Amino acid sequence: MGVIERYSELLPVTEKTPKLTLGEGSTPLVHLDNISEMLGIELWAKLEGCNPSGSFKDRGMVMAVAKALESGAKALVCASTGNTSASAAAYAAAANVPCFVLLPAGKVALGKLAQALMYGATVIAVNGNFDRALEMAREAAEKEGYAIVNSVNPYRLWGQRSGAWEICEALGKAPDWHAIPVGNAGNISAYWAGYKQYQELGKIDKLPRMMGFQAAGAAPLVTGEPCPNPETVATAIRIGNPVSAHLAKEAVAMSSGEFNSVTDEEILAAQLLLSSKGGIFAEPASCAPLAGLIKFKKEGRLPRGITAVMILTGNGLKDPDTAMSQVGRPLEIGDSLEELLAVMKK
Ligand code: F0G
């Protein structure tokens, strides 16, 4: 059951809303035994990389595209650091509607680029950063009457609330800490709205602290001012002027949470730890929260025994180049058993 069907009563859908789905949502929430023990907390990971296009974007995109179809939109347009474009292109293909995606030239992970092209979107590389591409996408959508499916589209954030609902259902409560990477700041805002909605409905009593993590080279919410030249290995969150900054700040303030930043080295170390000790391969941006929790632990600021959920927003397979730059090559041998046994003994 997709997000629209599973949560139709909680979402702004009508009889006229198409029941679009690619099987998004209902992703696993996994307890990370080894890393929990290392950190002295109960750490859960929400595997958003298990969504059909490999990232959390599908939860909101299915809503945005369904609503665009409902209102008779002729085409979809978005700017993206990669995942939004993959997701938009996938749902556009399923819904038979043209899709234009604007990407910062040369700054999108290989898997995401392959996806957008395979799904048949018109892919446009902009020689500028994501923030500029988003301005252009918004202006073009306005001029041409196309549906913009970035998170400025309110239906995106509605659909993304479903992640919070699933976590509460799985744990029977909200976590103490909700740790999440922050780029354009839509997802943290959507999760907060989802938790609050569940509290208002009496489904949970306590709200989590919202802990937002940015990359040090693209950390406008930590420094408090836009970052004109964002740079980070975590290209998904290479964003200098988040459109939902106001909502994200409110979520953090109201929940007694905080924004913090982690370096590229810390992100890559967390990615490797998550893979090699957790068995989960997530893309670099998704590992910013784990890097943050490790940093908190080192600083003595990680309360013992808390329940923390981190949102692993995107699949590690999306960015094979960054992964390969971290690890060695395979051991190569001929086709004899002797050679095999010899390398196994090493
Ligand atoms: N993690 C991943 C893997 C992402 O792709 C993004 C955003 C984020 C975290 C941050 O989420 O923007 O809601 O704060 N990716 C967008 C894109 C910007 O174009 O795919 P956010």
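For ligands, and for the atoms within them, numbers begin at 1 and follow the listed sequence. Start at 1 with the first residue, then count along the sequence. Values reported hereafter were calculated over all heavy atoms of this structure, with side chains retained and with hydrogens, waters and symmetry mates removed. Only a predicted model underlies this, so the values are computations on that prediction, with no experimental measurement involved.
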For the pair [X] and [Y], find out whether any cationic side-chain nitrogen is under 4.0 Å from an anionic carboxylate oxygen.
X      : Y      : answer
Arg238 : Glu231 : yes
Glu24  : Arg6   : no
Asp319 : Lys112 : no
Glu37  : Lys277 : no

Just distances here: any N/O of [X] and N/O of ligand 1 closer than 3.5 Å?
X      : result
Asn83  : yes
Gly186 : yes
Ser80  : yes

*asked:* Given Leu312, Asn187, Leu103, identify the one with the heavy atom nearest to atom 13 (O) of ligand 1.
replied: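 Residue with the shortest heavy-atom distance to the ligand atom: Asn187.
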Protein residue, atom and distance nearest to [atom], heavy-atom basis:
atom                    : result
atom 12 (O) of ligand 1 : Asn184 N, 2.7 Å
atom 20 (O) of ligand 1 : Thr84 N, 2.8 Å
atom 16 (C) of ligand 1 : Lys57 NZ, 2.8 Å
atom 1 (N) of ligand 1  : Thr313 OG1, 2.7 Å

*Looking at Ile239, which atoms of ligand 1 are within less than 4.0 Å of one of its heavy atoms?*
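The list of qualifying atoms is 18 (C).
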*Of all the atoms in ligand 1, which lie at a distance below 4.0 Å from a heavy atom belonging to Glu283?*
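With Glu283 as reference, the close atoms of ligand 1 come out as 3 (C).
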If you measure from each heavy atom of [X] to ligand 1, is any distance below 4.0 Å?
X      : result
Ala185 : yes
Pro181 : yes
Ile180 : no

*Counting heavy atoms not belonging to Glu299, are there more than 12 under 6.0 Å from its CD?*
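It does: Glu299 CD has more than 12 such atoms within range.
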*Checking salt bridge (Lys or Arg N to Asp or Glu O under 4.0 Å) for the pair Glu48/Arg59: CA distance, chi angles, key distance, verdict?*
CA-CA 9 Å; Glu48 291 294 280; Arg59 294 178 181 279; 2.6 Å; yes
